[in-house]
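Encoded as structure tokens, the structure appears first; notes follow it.
So that the names make sense, note that chain A is the first sequence line, chain B the second, and so on, each numbered from 1.
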2 protein chains.
Amino acid sequence: MDAKHTADLVVLTIRDDLLKILLVVRENEPFRGRLALPGGFLRPGEDLERTARRELAEETGLEAHQLPLLQLHTYSDPDRDPRGRVITTAYLAIAPDLPTVAGGTDARSADWVEVDDSLREQLAFDHWIIIDNAMERIRSELEYTPLATSFCPQVFTLSELRRVFELVWGVTMDPGNFRRKVATIKGFVELTGRKRHNRDGGRPADLYRRGRARTLNPPFRRPVGAR
Amino acid sequence: MDAKHTADLVVLTIRDDLLKILLVVRENEPFRGRLALPGGFLRPGEDLERTARRELAEETGLEAHQLPLLQLHTYSDPDRDPRGRVITTAYLAIAPDLPTVAGGTDARSADWVEVDDSLREQLAFDHWIIIDNAMERIRSELEYTPLATSFCPQVFTLSELRRVFELVWGVTMDPGNFRRKVATIKGFVELTGRKRHNRDGGRPADLYRRGRARTLNPPFRRPVGAR
DNA sequence: GTAATAGTGTCTCTAAGACAGTATACC
DNA sequence: GGTATACTGTCTTAGAGACACTATTAC
């Protein structure tokens with residue numbers, strides 16, 4: 001049988017010291033007016049990753065040519081879309097805090113919503129399941145891959161990096177042990193030699209950039225009590 | 001745009017002390033006569049996991065109602081199928097050594113092929129990429145999930161379980177350390193109390209069954225030099 | 001007894017967690 | 001000086017790897 005196919009995006013960032021997801025208000029039926037993941041239909045000649053990038057730009061104004069996309073999962077319940085047979089593949093994008101986004105053609109507006117809040121909303125389609133699955137995947141990816149650095153700008157402090165782990169896992173971590181742990185993982189981060197001064201005083205922090213490692217060895221272990 | 005959608009299966013087992021994958025010889029064009037993953041087209045009312053189960057039964061005679069399927073990745077290159085726009089979602093199934101399989105309707109024959117051999121064959125479509133990605137995924141899953149027990153029958157010895165890790169990772173492991181490691185992971189395996197006697201002598205081995213853990217804590221660490 | 005396989009104990013080293021102490025900034 | 005943030009060191013414990021040793025079978 002023939003089906004339509006969409007790519008939906010879970011776009012995450014840290015803003016105001018909170019973990020936030022990019023959601024759009026649907027402009028068209030079905031679920032007009034509801035919050036939804038940005039995304040849209042596959043076009044001829046495109047693969048799904050290109051669809052995801054194009055829709056992200058169209059719906060939110062985020063140009064993401066260099067943003068790495070991670071394919072998450074494909075949802076194919078026959079009844080998941082009231083319009084008929086629509087299969088969707090979810091992609092993950094993580095960005096450092098970005099300028100406020102603007103709605104594009106398909107969506108009335110695009111905004112950052114705290115992830116926990118988004119899961120309490122009435123979302124369009126099965127999007128709450130997609131977000132829920134995505135969050136569990138991200139919590140796991142933090143253990144074994146340098147994904148956490150995707151939340152940080154090009155150069156960052158270890159406090160910023162630690163905050164990513166704390167927000168995603170819902171824990172607090174000892175700064176000293178975190179620093180030592182990061183240092184034992186080869187290729188995770190590199191010293192830049194520069195420092196960042198704080199407004200309110202305090203010792204200036206060393207600035208780091210991402211390393212070349214594509215996998216963390218040894219991996220992080222999610223603390224007991226973490227999400 | 002509309003597209004056709006297929007589910008393809010990476011079915012693995014250990015036979016003759018080798019890691020083997022289930023492949024079919026294609027009965028129809030395109031790629032008639034070539035080896036391919038079992039799989040086929042989505043039908044109305046089915047989700048992709050049901051498609052995968054149905055095709056597995058039709059093409060290979062394997063009834064897999066209770067076999068857990070793990071969704072791997074969706075492949076959507078516009079040119080991946082010469083017939084036109086066909087997107088495929090790959091699923092993983094792992095089975096303990098099974099009775100020899102027979103070809104079904106769509107496929108001339110189904111047979112177990114050593115995985116490394118399969119990657120040297122000229123496979124249909126992009127199936128070598130799917131297998132390659134699947135193997136990397138499995139190597140990773142062994143670290144964090146009880147997937148290894150899926151290769152074993154309901155009750156098994158620790159030597160059998162250790163052999164799964166050795167074959168998938170391409171290493172040899174110290175039996176004593178492996179035993180101690182397995183014991184520290186809560187809910188990974190449980191003692192049955194029974195023992196298995198060997199033909200050629202040797203101390204009888206304790207028999208275990210899978211535990212309830214869905215994630216390994218602490219996880220295994222892939223030895224250096226492992227695949 | 002020997003050969004074969006299963007299982008235990010011990011020693012060393014790495015890594016994790018708790019937490020005290022030091023360093024460098026702003027005020 | 002006080003406060004705030006960044007970083008270092010030390011102690012204890014858990015886990016990994018190497019490897020010697022004991023246990024139980026077939027022959």
Test salt bridge (Lys or Arg N to Asp or Glu O under 4.0 Å) applied to [X] - qualifying residues, sequence neighbours left out:
X	answer
B:R137	B:E141
A:D132	none
B:R214	none
A:D117	A:R120

[X]: what forms a side chain to side chain donor-acceptor pair (under 3.5 Å) with it, not counting sequence neighbours?
X	answer
B:K20	B:D16
A:K195	A:D206
A:T51	A:E46

Exercise. Atom CG of B:L158 and atom P of C:dG7: how far apart are they, to the nearest Å?
Worked result: 6 Å
For this session: Measure from CZ on B:R179 to C1' on C:dT8 and round the result to the nearest Å.
Result: 9 Å
Exercise. Do A:R54 and A:E58 touch side chain to side chain, with heavy atoms closer than 4.5 Å?
Worked result: yes
For this session: Taking the side chain as every heavy atom from C-beta outward, state whether A:T88 and A:I130 have any atom pair closer than 4.5 Å.
Result: yes
For this session: Would you indicate whether A:R194, at its atom CZ, is surrounded by more than 12 heavy atoms from other residues, nucleotides or ligands within a distance under 6.0 Å?
Result: no
For this session: Could you encode protein contacts along nucleotides 19-27 of chain C as a string, one character per nucleotide from 5' to 3', using B for base contact, S for sugar-phosphate-only contact and - for no contact, with a heavy-atom cut-off of under 4.0 Å?
Result: B---BBBS-
Problem set entry | Range on DNA chain D touched by chain B - first to last nucleotide, heavy-atom distance under 4.0 Å | D:dA16 to D:dA26
Exercise. So what does B:T157 hit on the nucleic acid, given a heavy-atom distance under 4.0 Å: a base, only sugar-phosphate, or nothing?
Worked result: nothing
Problem set entry | Near-ring test B:Y144/A:Y144, centroid separation under 6.0 angstrom | yes
For this session: State whether the side chain of B:R210 and the backbone N or O of B:C152 hold a donor-acceptor pair below 3.5 Å, judged by distance alone.
Result: yes
Exercise. Residues from residues 142-153 of chain B sitting under 4.0 Å of DNA chain D, heavy atoms only?
Worked result: none
Exercise. Considering only heavy atoms, which members of residues 208-227 of chain B lie under 4.0 Å from some atom of DNA chain C?
Worked result: none
Exercise. In chain order, what residues pass the ring pair (Phe, Tyr, Trp, His ring centres under 6.0 Å) check against A:F165, with sequence neighbours excluded?
Worked result: A:W169, A:F178, A:F220
